[in-house]
Amino acid sequence: QVQLVESGGGSVQAGGSLRLSCVASGYKWSGNCMGWFRQAPGKEREGVASINAGGWITRHADSVKGRFTISRDNAKNTVYLLMSSLKPEDTAMYYCAASDSTFFPCPLTRDVYDSWGEGTQVTVSS
């Protein structure tokens with residue numbers, strides 16, 4: 001059974017940085033897409049970033065381009081989301097997701113991801 005565990009969330013001031021981590025276990029790590037999503041209160045869950053199995057094809061939502069960077073370390077079964085220049089509107093619960101399939105590039109839509117973590121809260125104050 002796949003388990004995804006996120007960490008690294010917290011409270012920061014606007015302009016600050018955080019690095020989220022997601023460790024996968026019980027998962028066929030190679031060959032599959034991984035993604036980060038976020039959900040603010042009262043809003044739909046939205047895709048933030050995705051990365052392919054090898055780590056060289058990434059996608060970032062327009063709202064975070066130039067500020068967030070997704071990466072992965074396959075030796076550690078870990079996906080990261082480095083967030084900088086944080087804004088209050090980045091406040092949300094952030095979720096890691098894993099797909100059982102391979103896409104090029106990996107989508108930012110929820111429906112292709114099969115496993116989800118419990119989330120880690122990010123709060124950005126102005």
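In what follows, every heavy atom counts, from backbone to side chain, and hydrogens, waters and symmetry copies are set aside.
Of the possible polar contacts, one joining the His60 side chain to the Ile70 backbone as a donor-acceptor pair under 3.5 Å is found. At least one donor-acceptor pair under 3.5 Å links the side chain of Thr78 to the backbone N or O of Lys76. In terms of modelled atom types and a separation under 3.5 Å, the side chain of Asn77 and the main chain of Val23 share no donor-acceptor contact. Looking only at distances, no side-chain donor or acceptor of Thr120 sits under 3.5 Å from a matching main-chain atom of Glu6. The backbone N or O of Ser101 lies less than 3.5 Å from a partner atom in the side chain of Ser99, making a donor-acceptor pair. Remark: side-chain polar atoms of Asn52 are paired, donor with acceptor, to backbone N or O of Gly55 under 3.5 angstrom. In terms of modelled atom types and a separation under 3.5 Å, the side chain of Glu46 and the main chain of Arg38 share no donor-acceptor contact. In terms of modelled atom types and a separation under 3.5 Å, the side chain of Ser50 and the main chain of Met34 share no donor-acceptor contact. Within the 3.5 Å criterion, the main-chain N or O of Ala53 finds a donor-acceptor partner in the side chain of Asn74.
Leu82 and Val64 fall into different hydrophobic clusters, defined by Ile, Leu, Val, Met, Phe, Trp and Tyr side-chain heavy atoms under 4.5 Å apart, directly or through other members. Tyr94 and Tyr80 fall into different hydrophobic clusters, where Ile, Leu, Val, Met, Phe, Trp and Tyr are joined by side-chain heavy atoms under 4.5 Å apart, directly or via other members. Linking Ile, Leu, Val, Met, Phe, Trp and Tyr residues whenever their side-chain heavy atoms come within less than 4.5 Å places Phe103 and Trp116 in a single cluster. Under a hydrophobic-cluster definition in which Ile, Leu, Val, Met, Phe, Trp and Tyr are linked whenever side-chain heavy atoms come within less than 4.5 Å, directly or via other members, Leu20 and Leu108 are assigned to different clusters.
Remark: Asp90 does not engage Lys87 in a salt bridge, criterion side-chain N to carboxylate O under 4.0 Å.
By the 4.5 Å heavy-atom criterion applied to side chains, Gln121 and Thr91 are counted as neighbours. In this structure the side chain of Tyr113 never reaches within 4.5 angstrom of the side chain of Cys96, judged on heavy atoms.
Between Ser85 and Ser17, the shortest heavy-atom contact is N-OG, 4.3 Å. Nearest heavy-atom pair, Ser115 versus Leu4, reported as atom, atom and distance to 0.1 Å: O-CD1, 3.4 Å. When all heavy atoms of Ala61 and Gly47 are compared, the closest pair comes out as CB-O, 3.5 Å. For Ala40 against Ala92, the heavy-atom pair with the smallest separation is N-CB, 3.8 Å.
Rounding to the nearest 0.5 Å gives a distance of 15.5 Å between NZ of Lys43 and CE of Met93. How far CG of Asn32 is from OG1 of Thr102: 5.0 Å, rounded to the nearest 0.5 Å. Here Ser7 contributes atom OG and Glu118 contributes atom CD; the two are 13.5 Å apart, rounded to the nearest 0.5 Å.
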**Asked** Passes ring pair (Phe, Tyr, Trp, His ring centres under 6.0 Å), Trp36 versus Phe68? Steps please.
**Response** CA-CA 11 Å; Trp36 283 100; Phe68 291 13; over 10 Å; no
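A cation-pi arrangement is present between Arg45 and Tyr95 under the rule of less than 6.0 angstrom and at most 45 degrees off the ring axis.
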